[in-house]
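Data first, discussion second: the structure below is written as structure tokens.
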Amino acid sequence: MTEQRTDKTGAPVSIALDQNRAISAYTVSVDGGTLAGRADFVDPPRAADERVFFHTEVDAEFGGRGLAGLLVREALADSIRRNLTVVPVCPLFARHLKEHGDEYEAEGGKFRRPRPGDLALVKETVQNAGDA
């Protein structure tokens, strides 16, 4: 999955799904492929229909271009396409869904609040990725 968008400056950006690393992520690239940011997630092994978003970051040099918002919106749109329930551990995702959750649900999206097991899964995933 790769989606082409434009940022606030009108420059083209690409948002892609990267599941080939220890921690899966949606990534945003600029200037012909320069990685600018990522939204990390884990798919719980016991809940194939959920995706836990736990960290989103855009490099400071690309700040002010609206890349984080593009990244969050595309990750949520892809979650709708995949019929996944979003679990927003990441503050950016949580804030977006707090402000736009009704719109997201109206478009067919589903989300729920994080539970202690989700936080434990994130911790385990991050630890295991660091050990690899």
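Every value quoted in this text rests on a predicted model; they were computed, and no experiment measured them. Excluded from the calculations below are hydrogen atoms, water molecules and symmetry mates; all remaining heavy atoms, backbone and side chain alike, are included.
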Does the plane of the ring in Phe111 sit parallel, tilted or perpendicular to the ring in Tyr104? Use 30° and 60° as the thresholds. tilted

What is the distance from atom CZ of Phe41 to atom CG of Leu84, rounded to the nearest 0.5 Å? 8.5 Å

What do the steps show when you test Gln4 against Val13 for side-chain contact (heavy atoms from CB on, under 4.5 Å), and what is the final call? CA-CA 6 Å; Gln4 301 298 316; Val13 300; over 6 Å; no

Taking atom NZ of Lys110 as the centre, report whether more than 12 heavy atoms of other residues, nucleotides or ligands fall under 6.0 Å from it. yes

Within-4.5 Å side-chain heavy-atom neighbours: Phe93 and His55: no

Considering non-hydrogen atoms only, spot the tightest contact between Thr56 and Cys90 and give its length. OG1-SG, 3.3 Å

Trace of the side-chain contact (heavy atoms from CB on, under 4.5 Å) decision for Leu70 with Ile15: CA-CA 8 Å; Leu70 287 170; Ile15 300 173; 3.9 Å; yes

Before giving the answer on side-chain contact (heavy atoms from CB on, under 4.5 Å), spell out for Gln127 and Val122 the whole-Å C-alpha distance, their side-chain angles and the decisive distance to 0.1 Å. CA-CA 9 Å; Gln127 268 182 331; Val122 167; over 6 Å; no

Check whether any side-chain heavy atom of Glu105 lies under 4.5 Å from a side-chain heavy atom of Leu97, and answer yes or no. no

Looking at every heavy atom in both Gly109 and Ile80, which two are closest together, and how far apart are they? CA-CG1, 3.5 Å

Could you tell me the separation between the CG atom of Leu71 and the NE2 atom of His96, rounded to the nearest 0.5 Å? 11.5 Å

Heavy-atom side-chain contact between Leu119 and Val89 under 4.5 Å: yes

Looking only at the side chains, is there a donor atom on one of Thr85 and Glu50 sitting less than 3.5 Å from an acceptor on the other? no

For the pair Glu107 and Arg81, find out whether any cationic side-chain nitrogen is under 4.0 Å from an anionic carboxylate oxygen. no

Ion pair check, Asp7 and Arg5, cut-off under 4.0 Å: no

For a quick test of your reading: what N or O donor-acceptor pairs under 3.5 Å do the side chains of residues 21-34 make, sequence neighbours left out?
| residue | atom | partner | partner atom | Å |
| --- | --- | --- | --- | --- |
| Arg21 | NE | Asp18 | OD2 | 2.9 |
| Tyr26 | OH | Arg51 | NH1 | 2.8 |
| Tyr26 | OH | Asp78 | OD2 | 2.6 |

Under a single-linkage definition using a 4.5 Å side-chain heavy-atom cutoff for Ile, Leu, Val, Met, Phe, Trp and Tyr, are Leu17 and Phe53 assigned to the same hydrophobic cluster? yes

Would you say Phe54 ends up clustered with Val58 if hydrophobic residues are merged whenever their side chains have heavy atoms under 4.5 Å apart, either directly or through other cluster members? no

Please tell me if the side chains of Arg115 and Val87 come closer than 4.5 Å, counting only heavy atoms from C-beta onward. no

Quick check on the hydrophobic clustering: are Val126 and Leu92 connected, directly or via other members, by side-chain heavy-atom contacts under 4.5 Å? no

Does the side chain of Arg73 reach to within under 4.5 Å of the side chain of His100, using non-hydrogen atoms? no

Minimum side-chain heavy-atom gap Thr125-Leu121 below 4.5 Å: yes

Nearest-0.5 Å distance, CZ of residue Arg65 to NZ of residue Lys8: 11.5 Å

Looking at every non-hydrogen atom in both residues, tell me the closest pair between Ala36 and Leu67 and how far apart they are. CB-CD1, 3.9 Å

Main-chain N/O of Glu61 paired with Asp59 side-chain donor or acceptor, under 3.5 Å: no

